[in-house]
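These notes concern the structure reproduced below.
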Amino acid sequence: MPIRAQMSERQAADAKHRKQRSGPRRAAATPPTNGTPLVDRSRLIKLALSPGAPDIVVLQAPAGFGKSTLMRQIEQTLTQAGSGMTGWITLDKRDNDRRWHAEHLRQLIDALKAPTTPANGSGAPPVQDADTSKSHLQRSDWFISELLSIGDNVTLFIDEFEAVTDKSILLFWKELLHRIPKGIRIIISSRNIPEIGIARLLVGNKLLVLTSEELSFTKEETNDFFKKNIDSDLHDAEIDTIYRRSEGWPAAVQLFNLGVSYYGRHETLNDFEHGCPQALTEYLKDCVLSGLPEGDRDFLLQIAILDKLNGKLCDHVLGRDDCTLKISELEKNGLFIHPLDQDHEWHRMHGLFADLLIKENAVRRSFDPIPLHKKAAEWFFANEKYEDAIRHAVEARDYPLAAEILKRWGSILIANGEMATVARWADLIPAEYITSDTDLAVRVAWAMIFLRRRRQVRLILDSLSNADQHCKLRVVLAVSDMSSDNLKAALPRAEAAVAQFMPSDEFAAFEGATAAKIVAYGDLHRGNFNGALEGLMLARSLNEGTGASLSAGYTACFEGAVLLLEGKTLEAARCVRNGLEAQQKILDSTYLSGVLATCYLWILYERNDIDGAAEVLSEYGDILGDTTAPDFFAIGQICHSRILTIQGDGNSAKEILDKARFSAMRNDWKRIEQLLLIEQARHDRMLLTSGAVDRALSYLADMKRDNGYWVSPTEHLIAPTINILKNSCSEAQENSYSAKPPSAQECPPSNKYCMIQNHTCRAIYYYHRNDNIMAQRQLRRALDTVRSTGLIRAMMDYGQDVNNIASDIFNNYSDNDKEDYKNIFDDVFNSTYTKISKDEKPFTNEIFTSKEMEVIPYLKSPLSNKKIAREMMVSENTIKYHIKNIYAKLNVSTRNEVYSALNKLDERR
């Protein structure tokens, strides 16, 4: 049966029922039945009946929010609990007649007294034809007296209160509710806000109001409804669609169920996703629109194009001067208009109701929405509400206005990192309107650079003539170069922009700050840390007052990197952490949090704070790649991979690097791709025999030739891996330790990070030349710097050789020295490494060190680690360290497995 026919039959039955009720009615002490409620509203029942809850409850919401159903559930709860007596009346227009209303109340009292009183009734309530000041008091006195005679635990349910409009009747209820004695509870349902002195009742804590927001189904209640209604289970995604579009409106959810019965599941779901479903359309037409005065209906149809409503906005769009009053009136009458703020200045229309009105407009040939959209765009633009303005400008196809709005709004969006919003609206404006305005083109190019839409960037920049000579374009071109991993091309442009900077407006200041940061970043590569910090100070001063969180975020990131390399790790962590905390949550962008989280992760990793780094990954791990700075992209992925390795998840670590290399290839970051390939060799032995690593090392060497000192942050991080690979690969294996040791003059003295790496490399060089004294001397220097800076990983990541040299140093130290270096040695001896070789041999020339050979015999004994340490006269940590290395070299995990593995090794030999 079609929905329309079914609903018409239902309406006919309702009309017949109303006709039968046209004479005097007896009010029932129980509510009308309508089947078993399908959704348990226990959360609302608890609010209404909880101890200490007000005695007056008003359920105020438009049609279809289950007000009567909820009252029935409350009544059933009270009845089942034996909590006193309940009475129910349903009001209608006839209750605006005072004599009829008085009779209605008398019938209610008689129904409540029926089980306990004789048939002579309650007597008639006082009714006066004249509207005197005492009539409502006399009636309320009588009603209260009658209720008290019944008992002190009575609950009255007053349904459809919106039917009452007579001032005298409303005055009676207002007086009654303010004077209601303890033990009498009244629950009222109404589509509009009843005029019963609500403000006074609320102040006196006598009233609980449950609006459409509370009466709407929760996600769980929506799930519960469909479990009880539909035989075939809906998928979670389908229920999400229904819940999102219906906004929890019970009638909409129920009508979806009805639509499934007649139109099928997929068609009904499609209706819900893209408009107002047929069943719901008919319900709203018949139950809402058809009963409205023509003026109200036309007003609603016109304002349906607006996502949010304001009296002044509607006055401008419609050419009226009474829209504030009209919106308030419609809200009060429960016509699906909800306030968006406490002051009720802004409102919105329920989405499904707005969809219905838009459908109605589409079939009205006389209705043209374009002039309304244009007026709305003008009003929003003048009031600096840019997102609403550009939406209406695009709807009106007024592209010059849309471009002007995006140019002004884009300055704010770009400075705060909201690149996706700029791109989304730019895609809706024809290209000629963008490229014809240099300022707008620059803003859109910024967004496309950060979104890595390189083709669009090139099209925009190529369309602008004399780009290099145009001062407005130098900064965005420099950012484009930097995002393409061409910092050396970006530097001249950024330096020229800084030299010719003119602070004309906030966006110009933002661009000046960006240029200063690029110059500072170049100084970081050159090792000129003082120059880098001065440049960042300039960037910060230019950024003050602009509120540009994007600029402030990258400033904190670059400053954190400089401080880290200087060995000021605590200061670096504080700087970047403050930057992260200062970033406000931005809905469509992660470019700020991503780059800051990467820098923070790097700092924690270098301090060997693996637990802290893991916390950062749990919160920001999925956005570490969201940065336009290639080096910080690589650092985030490498640190993520290494931390997973330390945690024992080598497969996930390898997967991280695989995906990172693919991203680098897609973005044409060849240098980053080669660095990631080198890092992958820590996990993939096949790479060592393929020649790919040799080619990567050769590529990086060619890049550095004749460039003086120029080291990127990623190259600092990956230096230990490069050193290990050089000493493990093919031809390098034979003569890697015959060359001269690395020079300590290769890096500036302020670069403590590089200093630790240099001393560590030199220690390894001497260690493999069997010059243990020089090896220990160099590693002691590294240890001293590590102790003062906290840069533990800059030394530890050189692998097993560091462990061996550190073990010898530890055993030769005095007890006082051991205590001074205790934390560092604990980190070194308990660290986890990924070993690299092409034939599964360890990095060292022998399988076991001399100390490990001393420990092995004890592993067959029942002695504890502490007792073994006493026997060998070393610390327990040293024994743990040696046992861990023995287990790793034999690929075992228990003492019992050690000798079995040794026997197999001897047999193989």
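Just the heavy atoms: all of them, side chains too, but no hydrogens, waters or symmetry mates, feed the values below.
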Please name all residues satisfying salt bridge (charged side-chain N to carboxylate O under 4.0 Å, His left out) with [X], sequence neighbours left out, ordered by chain then number.
X: Glu221; answer: Arg41, Arg43
X: Lys219; answer: Asp240
X: Arg200; answer: none
X: Lys374; answer: Asp398

*Quick one: ring pair (Phe, Tyr, Trp, His ring centres under 6.0 Å) pairs with a partner in residues 175-216, sequence neighbours left out?*
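Not a single pair qualifies under ring pair (Phe, Tyr, Trp, His ring centres under 6.0 Å).
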Partner residues of [X] under the side chain to side chain donor-acceptor pair (under 3.5 Å) criterion, sequence neighbours left out:
X: Ser83; value: none
X: His392; value: His373
X: Glu195; value: Lys332
X: Asp322; value: Arg320

Side-chain heavy-atom pair [X], [Y] within 4.5 angstrom cut-off:
X: Leu47; Y: Leu210; answer: yes
X: Leu70; Y: Leu59; answer: yes
X: Val58; Y: Pro194; answer: yes

*On the 0 to 90° scale, with breaks at 30° and 60°, tag the Trp88-Phe157 ring pair as parallel, tilted or perpendicular.*
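Answer is parallel, since the angle falls under 30°.
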_Residues in side-chain contact (heavy atoms from CB on, under 4.5 Å) contact with Thr222, at least two apart in sequence or another chain_ =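 Checked Thr222 against side-chain contact (heavy atoms from CB on, under 4.5 Å); matches are Phe217, Phe226, Ile239, Tyr243, Val253.
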_Taking ring pair (Phe, Tyr, Trp, His ring centres under 6.0 Å) as the definition, give me every residue that meets it alongside Phe143, ordered by chain and number, with sequence neighbours left out._
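None.
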Pairs under 3.5 angstrom only: tabulate donor-acceptor contacts from the side chains of residues 294-307 to other protein residues two or more places apart or in another chain.
{"unit_1": "Asp296", "atom_1": "OD1", "unit_2": "Lys326", "atom_2": "NZ", "d": "2.7"}
{"unit_1": "Arg297", "atom_1": "NH1", "unit_2": "Leu289", "atom_2": "O", "d": "3.4"}
{"unit_1": "Arg297", "atom_1": "NH1", "unit_2": "Leu292", "atom_2": "O", "d": "3.0"}
{"unit_1": "Asp307", "atom_1": "OD2", "unit_2": "Arg391", "atom_2": "NE", "d": "2.8"}
{"unit_1": "Asp307", "atom_1": "OD2", "unit_2": "Arg391", "atom_2": "NH2", "d": "3.3"}

